[in-house]
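Just below is one structure, and these are the notes that go with it.
Order of appearance sets the numbers: ligands from 1, and atoms from 1 within every ligand. Bear in mind the structure is a predicted one, so any value in this text is a computation, not a measurement.
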Amino acid sequence: MRGGMTSQISNETVSANRAAAPRFSLPDAAGHFGAFGGVFAPETLMTPLAELADAYQAVRDDSVFQSEFAALLREYAGRPTLLYRAEGLARHLGGAKIYLKREDMLHTGAHKINNALGQCLLAKRMGKRRVIAETGAGQHGTATAAACAKFGLECVIYMGETDMERQALNVYRMRLMGAEVRAVKAGQKTLKEAVNEAFRDWVANSRTTHYVLGTAYGAHPFPMMVRDFQSVISKESRAQMLAAEGRLPDHVVACVGGGSNAIGAFFEYLDDPQVALTGVEAGGRGIAPGAHAARFAGGSPGVLQGCMTYILQDAEGQIEGTHSVSAGLDYAAVGPEHAYYWKRGRISFAHASDAAALDAFKLLCRTEGILPALESSHALAHAVALAPKMAKEEILLVNLSGRGDKDVWHAARAMGENLAL
Ligand SMILES: *Cc1c(COP(=O)(O)O)cnc(C)c1O
């Protein structure tokens with residue numbers, strides 16, 4: 001069934017796989033991945049969510065929509081991305097052959113553009129002329145602003161005031177692309193409050209407005225829809241690996257914030273039990289309340305911002321503070337599909353500390369001349385520990401979710417350098 005795959009992904013291949021693969025039966029119609037997921041939303045959001053679920057279901061198997069999406073990924077985002085054999089890194093570490101899936105080469109610098117393009121195309125289909133999104137560090141906001149400029153959609157980005165001060169350059173990038181960036185002044189003035197504000201806007205304006213959620217998280221249909229849009233990563237890597245090596249990788253590793261690049265990188269391997277899958281969370285300064293964002297190491301089941309999943313909370317159910325050197329992994333909850341596959345033992349989770357991620361960041365720069373995002377550096381840090389324990393015929397595939405240009409200043413400071421900028 002998988003024979004003759006090339007890096008060109010045809011619609012026939014997509015729907016043939018979908019029919020055959022049980023992983024596509026998840027979530028159920030109500031958005032459940034086993035005990036996780038679902039729709040935990042106020043009454044006022046039920047109608048827009050149901051309308052979105054219907055609209056997405058209609059385009060999911062629509063060959064016109066899917067070929068428009070494929071063309072955008074190819075011609076605007078720059079897909080397929082390279083599957084790159086990292087010989088310098090592998091030589092340094094010893095052990096496994098290492099490949100990198102180069103999502104860092106995409107337009108706007110990370111995998112987030114895959115999802116932003118898919119959802120903006122859907123917004124257009126639904127007749128919406130206005131798009132809103134939340135952003136933490138600004139990566140998802142930038143990808144959404146770019147997609148809106150491309151489609152001629154009005155764009156409003158909600159961003160915590162604290163994040164806006166920390167990421168002034170990204171705020172200006174979004175404005176250059178025509179987006180309005182609205183400061184959120186509630187609570188901690190960061191990502192969680194920005195999500196709340198975006199939902200509030202959506203309730204008031206859902207007739208004209210689509211909410212582009214930035215990760216495989218939230219109420220149904222968002223986790224499923226974002227996963228579908230990001231699964232192009234593993235569709236490509238699977239075909240590219242078969243072309244390069246004639247077999248599948250032994251182990252795939254990806255970093256996990258909300259979980260979109262990881263589920264995208266894992267999805268096509270879920271039914272291949274010989275392929276080990278590991279998600280890497282932010283271990284921060286260590287697994288103690290407030291010092292990390294490793295939901296599977298320090299969390300418990302609960303509901304936050306739309307779904308049942310693993311979250312960092314105290315004994316009373318109050319959401320704990322989080323910390324990570326990388327803004328994109330710094331969130332108290334994880335996508336519900338990851339919780340499901342973790343419980344079933346299909347996806348393992350590890351965490352990498354700030355220090356290990358910074359070491360991996362430097363190591364990839366030196367051994368390959370590739371500057372990874374600090375988020376992606378967490379996946380690399382796990383690969384650094386794993387590769388030497390693997391045999392030299394074994395293949396380790398790391399999803400390089402984004403590029404690190406955005407992180408240079410922050411990384412320099414974290415490593416004790418004082419750049420005079
Ligand atoms: C946002 C981001 C992440 C984390 O988000 P996921 O939804 O977990 O993928 C990881 N890497 C990069 C480069 C990002 O920008």
Every residue of the protein that comes under 4.0 Å of ligand 1, judged on heavy atoms: Ala110, His111, Lys112, Gln139, Thr215, Cys255, Val256, Gly257, Gly258, Gly259, Ser260, Asn261, Gly328, Ala373, Glu375, Ser401, Gly402
Under 6.0 Å between the ring centres of Tyr211 and Phe199? yes
For the aromatic rings, using the six-membered ring if either is Trp, is the centroid distance between Phe69 and Phe229 under 6.0 Å? yes
Aromatic ring proximity, centroids under 6.0 angstrom, Phe296 and Tyr310: yes
According to the interplanar angle, ranging from 0 to 90°, do the rings of Tyr340 and Phe33 count as parallel (below 30°), tilted (30 to 60°) or perpendicular (above 60°)? tilted
Thr190-Asp163 side chain donor-acceptor pair, cut-off 3.5 Å: no
Has Gln188 got more than 12 heavy atoms of other residues, nucleotides or ligands less than 6.0 Å from its CD? no
